[in-house]
2 protein chains.
Amino acid sequence: MPRSHTKKEAILREATNLFSEHGYWDTSISDISKATSVADGTIFYHFHSKEELFLAVLKNFKEKLISAFSAHLNSHEFETGMDMVEGAISFYLSQANKMEKRFFLLHRHHYYQIAEHNPNCWQHLEEIYSSLIDIFEQAIRIGQKDRSIKAVDASKKAFLIFTLVDGIVRFNTYKLYRADAIYDELIDSCRSILQSPTN
Amino acid sequence: MPRSHTKKEAILREATNLFSEHGYWDTSISDISKATSVADGTIFYHFHSKEELFLAVLKNFKEKLISAFSAHLNSHEFETGMDMVEGAISFYLSQANKMEKRFFLLHRHHYYQIAEHNPNCWQHLEEIYSSLIDIFEQAIRIGQKDRSIKAVDASKKAFLIFTLVDGIVRFNTYKLYRADAIYDELIDSCRSILQSPTN
DNA sequence: TTTTTGACTGAGTACTCATTCAGTTTTTAC
DNA sequence: GTAAAAACTGAATGAGTACTCAGTCAAAAA
């Protein structure tokens with residue numbers, strides 16, 4: 001239990017770093033073993049294949065991300081549902097900023113490729129997105145109760161807003177646009193989406 | 001000119017199909033040569049390396065995409081700038097639908113990785129995005145002249161709307177959400193963003 | 001003390017893949 | 001028609017790769 005545990009964790013940690021930074025194909029098993037100061041075989045002792053390790057990294061990220069989110073929302077009080085939406089947006093952006101490399105994982109195309117034939121992988125992705133979108137949806141519903149948000153389709157609007165925020169994170173990590181330069185416009189637009197008179 | 005031209009084009013065409021469908025790493029040179037009925041060496045005669053071929057595919061896609069867009073916009077008349085924005089959105093979605101596989105190219109992470117050390121690749125991506133965003137921006141400016149759109153920051157709102165639409169395309173290709181199920185909400189939201197009273 | 005167990009090792013295996021190049025065929029120029 | 005140039009070929013190369021496995025070692029169980 002003492003060292004073995006540590007080594008498996010270390011492998012997972014280094015694999016997360018390397019897969020996040022360089023992707024699946026540009027990270028070899030021996031890259032990971034070197035970074036962890038472990039023999040190649042040890043990796044296969046703990047994880048049966050490279051793909052399994054890759055999935056373990058995703059699973060780990062999923063758990064960290066979801067618990068970080070619920071911790072944040074539980075520890076904050078929001079005046080209105082609209083404020084809660086805003087809080088969720090800015091928390092998502094700050095998380096993406098803080099663990100930028102990890103967020104790369106979400107945008108790594110290879111996961112979606114694996115997901116096509118691996119239901120397990122698909123489920124991880126699905127859980128990540130649905131739990132994130134859920135946060136927005138719940139905030140919208142709360143806002144509709146306290147009248148800070150209009151009677152819109154909460155589920156669809158939540159998806160749209162999440163898409164928007166996630167897309168901005170994506171452009172930011174690809175260095176094609178800076179997220180902070182557009183923060184105010186983003187919040188503004190989300191307010192418009194949720195508060196403007198229904199047509 | 002006769003056959004040589006054809007073969008180079010055929011290689012580019014098959015490479016586009018295979019890279020779009022399976023990605024860079026899951027497409028080998030011999031996959032491409034088999035699909036084109038050409039010897040491996042021929043590929044290297046026309047393109048110096050696999051990466052160069054990959055970039056040629058991107059360049060080709062860029063040109064096709066941009067010209068398809070301007071052809072569409074020039075052949076249509078729009079009542080207002082707001083209608084033009086709507087037209088651009090629905091055209092983007094229909095293009096993404098029609099050449100779904102090709103659009104994968106835009107979301108293939110590998111390009112962004114190459115872009116990090118290859119200014120040429122970065123430029124292609126930058127041109128694709130900036131010309132697409134430009135279309136939205138111009139439509140917004142026209143709308144501001146004809147009063148169908150409020151006095152918003154055209155450049156930033158154009159980026160936001162593009163991000164939103166592109167993000168939806170992404171979720172659609174990954175089969176995590178169906179774009180057509182959300183079309184009305186999308187248009188609605190864009191109207192809100194561009195027409196709601198400024199705070 | 002002896003045995004057993006499970007974590008760990010790293011050289012070896014079997015393979016894939018991009019790239020090369022010496023040579024052949026086809027096209028163009030004269 | 002002939003020479004030069006260009007297009008094309010595919011077997012060979014060599015650098016990598018994920019994964020295996022026979023064996024080491026330390027600590028727990030007997």
Side-chain angles (χ1 to χ4, degrees), chain A residues 1-60 108-111 113-114 117-118 120-121, chain B residues 1-59 105 108-111 113-114 117-118 120-121:
Chain A
M1 190 191 298
R3 191 171 293 176
S4 71
H5 222 251
T6 307
K7 253 178 194 177
K8 189 175 178 185
E9 277 169 8
I11 291 167
L12 197 63
R13 193 175 55 245
E14 294 300 333
T16 303
N17 289 337
L18 290 168
F19 282 142
S20 301
E21 196 149 357
H22 307 296
Y24 186 78
W25 293 109
D26 276 341
T27 303
S28 68
I29 290 294
S30 69
D31 287 341
I32 298 169
S33 67
K34 263 175 222 144
T36 324
S37 304
V38 136
D40 286 18
T42 310
I43 293 175
F44 290 97
Y45 177 75
H46 290 295
F47 306 93
H48 297 345
S49 68
K50 190 184 176 185
E51 190 169 304
E52 194 176 307
L53 174 57
F54 193 54
L55 287 184
V57 167
L58 180 64
K59 184 165 184 273
N60 191 252
R108 290 259 168 228
H109 187 91
H110 194 64
Y111 278 122
Q113 232 165 322
I114 293 177
H117 61 83
N118 186 328
N120 203 18
C121 182
Chain B
M1 190 192 297
R3 189 169 296 175
S4 71
H5 222 252
T6 306
K7 252 177 195 177
K8 189 176 178 183
E9 278 168 8
I11 291 167
L12 196 63
R13 192 175 55 246
E14 294 301 334
T16 304
N17 289 337
L18 290 168
F19 282 144
S20 300
E21 196 149 358
H22 307 297
Y24 185 78
W25 293 108
D26 278 340
T27 303
S28 68
I29 290 295
S30 68
D31 287 340
I32 298 168
S33 67
K34 264 175 221 144
T36 325
S37 304
V38 137
D40 287 19
T42 310
I43 293 175
F44 289 95
Y45 177 74
H46 291 294
F47 306 93
H48 297 344
S49 69
K50 188 183 177 184
E51 188 168 308
E52 194 176 306
L53 174 56
F54 193 56
L55 287 184
V57 167
L58 180 65
K59 184 166 183 274
L105 288 171
R108 289 257 169 230
H109 186 92
H110 194 63
Y111 277 123
Q113 233 165 320
I114 293 177
H117 61 82
N118 185 329
N120 203 19
C121 181

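Within every chain, numbering begins at 1; the chains are lettered A, B, ... in the order of the sequence lines, protein sequences first and strands thereafter. All values below come from the heavy atoms of this structure, side chains included, with hydrogens, waters and symmetry mates left out.
- Residues B/Val57 and B/Phe47 have side chains not in contact (no heavy-atom distance under 4.5 Å, counting atoms from C-beta outward).
- For the 3.5 Å distance criterion, the side chains of A/Asp40 and A/Ser33 qualify, holding a donor opposite an acceptor.
- Listed pair A/Lys34 / C/dG10 fails the phosphate criterion, with no side-chain N or O lying under 4.0 Å from OP1 or OP2.
- With a 4.5 Å cut-off on side-chain heavy atoms, B/Asn118 and B/Glu51 count as touching.
- Remark: C1' of D/dG16 and CG of A/Asp26 are 13 Å apart, rounded to the nearest angstrom.
- Taking side-chain N and O atoms only, B/Lys7 has a distance below 4.0 Å to OP1 or OP2 of D/dT9.
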Practice item. Evaluate the criterion side-chain contact (heavy atoms from CB on, under 4.5 Å) for residue pair A/Leu53 and A/Ile32; output intermediate values, then yes/no. Key: CA-CA 11 Å; A/Leu53 174 57; A/Ile32 298 169; 3.8 Å; yes
Kindly give the atom pairs (protein nitrogen or oxygen, nucleotide nitrogen or oxygen) under 3.5 Å for nucleotides 16-19 of chain C.
| from | atom 1 | to | atom 2 | distance (Å) |
| --- | --- | --- | --- | --- |
| C/dA18 | OP1 | B/Lys50 | NZ | 2.5 |
| C/dA18 | OP2 | B/Ile29 | N | 2.7 |
| C/dT19 | OP2 | B/Lys50 | N | 2.7 |

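- Rounded to whole angstrom, the span from the CZ atom of B/Phe47 across to the P atom of D/dC8 amounts to 11 Å.
- Listed by chain and residue number, B/Phe19, B/Phe54, B/His110 satisfy the ring-ring contact (aromatic ring centres under 6.0 Å, His included) test with B/Tyr24 (two or more places apart in sequence, or in another chain).
- Judged by distance alone, the side chain of A/Arg108 and the main-chain N or O of A/Ser20 form a donor-acceptor pair under 3.5 Å.
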